[in-house]
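Written out below as structure tokens is the structure these notes cover.
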Amino acid sequence: QVPASLLAMVDAAVGGKTGIDTAAGKNLVGAFHPPAGVVCDLATLDTLPLPELRAGAGEVVKCGLIADPVVLEQVLADPDVLAAGSPALAELVARAVAVKAAVVGRDLTESGLREILNYGHTFGHAVELNEQFAWRHGNAVAVGMMFIANLSHARELIDAELVARHANILSSVGLPTSYKPGEFDRLYRGMTRDKKNRDGKIRFVALSKVGECTRITDATKAELEAAYQRISGK
Ligand code: GLY
């Protein structure tokens, strides 16, 4: 694999998932087929449009939240982190790949641990579906991380400071932290279709602190709506 976008470098190229989109949804058909190797040539990012870099940064921030606090410090410390040739970006790519490689190295076929890479994705996938895939994946995941952070805070898993930290870091790289109001029913339907659900229950990866993941599998519709209202300004 020779990924030529930030998103592909830090996510899609690592871990052997291959997939295609069908009328039923994105990536619902696929197979595990690890590549012989992955070569990330950072020079390919020099011509990548900024919105694509930002979308990739969403997955980098995700890796920081689930496993590597240094990533979060580095993103916040350097406002030009996404600029062409940024040395900080090279280190962030290496750190994000290290997080993903460590996870898939222990659980390639997603029998458990790999699921943590889905942080922010349950709501994020529903946003992608609601936007008919016109949104970039990383932008939808950014909003999804804000959603799960608010749900986790309501459950007293994390404090308000960590929710605010999600927002600061994501907005520092130009990613959205809110979603339009009035869409809950459609988003809820989207979440009930997520491929990671089990036994008909919506399954969220959540944080108990930076670098430590847990799961929320028993959220009520009312709790989900309350978290949505927190990120939709209603
Ligand atoms: N992009 C999520 C995973 O590779 O498992």
Side-chain angles (χ1 to χ4, degrees), residues 1-22 24-40 45 48 52-68 71 75 92-129 131 133 135-149 166 170 173 175 190-191 193-198 202-207 211-217:
Q1 294 255 22
V2 185
S5 73
L6 181 56
L7 186 77
M9 285 181 191
V10 299
D11 192 8
V14 181
K17 277 191 184 175
T18 62
I20 57 167
D21 302 340
T22 63
K26 195 178 153 220
N27 277 344
L28 291 178
V29 177
F32 291 98
H33 184 72
V38 181
V39 178
C40 295
L45 302 182
L48 196 68
E52 294 294 341
L53 283 166
R54 287 181 167 148
E59 294 285 356
V60 173
V61 170
K62 178 203 77 181
C63 288
L65 287 166
I66 61 172
D68 185 356
V71 165
V75 171
L92 284 173
V93 170
R95 282 188 169 274
V97 169
V99 168
K100 180 146 189 192
V103 171
V104 301
R106 285 172 57 197
D107 178 22
L108 179 68
T109 54
E110 202 159 325
S111 51
L113 176 71
R114 185 168 180 159
E115 190 183 43
I116 68 172
L117 299 171
N118 205 38
Y119 186 62
H121 283 57
T122 308
F123 188 85
H125 285 151
V127 167
E128 286 186 285
L129 197 59
E131 295 294 334
F133 301 99
W135 270 45
R136 288 178 180 82
H137 176 68
N139 294 44
V141 169
V143 171
M145 289 192 281
M146 289 309 305
F147 174 85
I148 190 60
H166 277 67
L170 293 168
V173 288
L175 284 167
M191 286 191 280
R193 280 176 50 185
D194 194 81
K195 65 179 180 290
K196 319 254 173 174
N197 293 344
R198 286 191 210 154
I202 304 176
R203 192 173 164 82
F204 295 93
V205 175
L207 292 186
E212 198 175 278
C213 295
T214 181
R215 311 286 186 273
I216 297 176
T217 57

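Order of listing sets the numbers, starting from 1, for every ligand and every atom in it.
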Requested in this report: Please list, chain by chain and in numerical order, all residues satisfying salt bridge (charged side-chain N to carboxylate O under 4.0 Å, His left out) with Arg215, sequence neighbours excluded.
Outcome: Glu115
Query raised in the report: Which class fits the ring pair Phe147 and Phe204: parallel under 30°, tilted 30 to 60°, perpendicular over 60°?
Result: tilted
Query - Asp107: side-chain hydrogen bond (donor to acceptor under 3.5 Å, both in side chains) partners, not counting sequence neighbours - result: Ser111
Report task. Just grab all the side-chain hydrogen bond (donor to acceptor under 3.5 Å, both in side chains) pairs involving residues 1-19, residues at least two apart or on different chains. Result -> Asp11-Lys100, Lys17-Glu110
Requested in this report: Would you mind reporting whether Val127 and Asn139 have side-chain heavy atoms less than 4.5 Å apart?
Outcome: no
Requested in this report: Give the protein residues with at least one non-hydrogen atom closer than 4.0 Å to an atom of ligand 1, ordered by chain and number.
Outcome: Asp11, Lys17, Lys100, Glu110, Arg114, Leu117
Query raised in the report: Can you check whether Arg54's main-chain N or O pairs, donor with acceptor, with Arg136's side chain at less than 3.5 Å?
Result: no
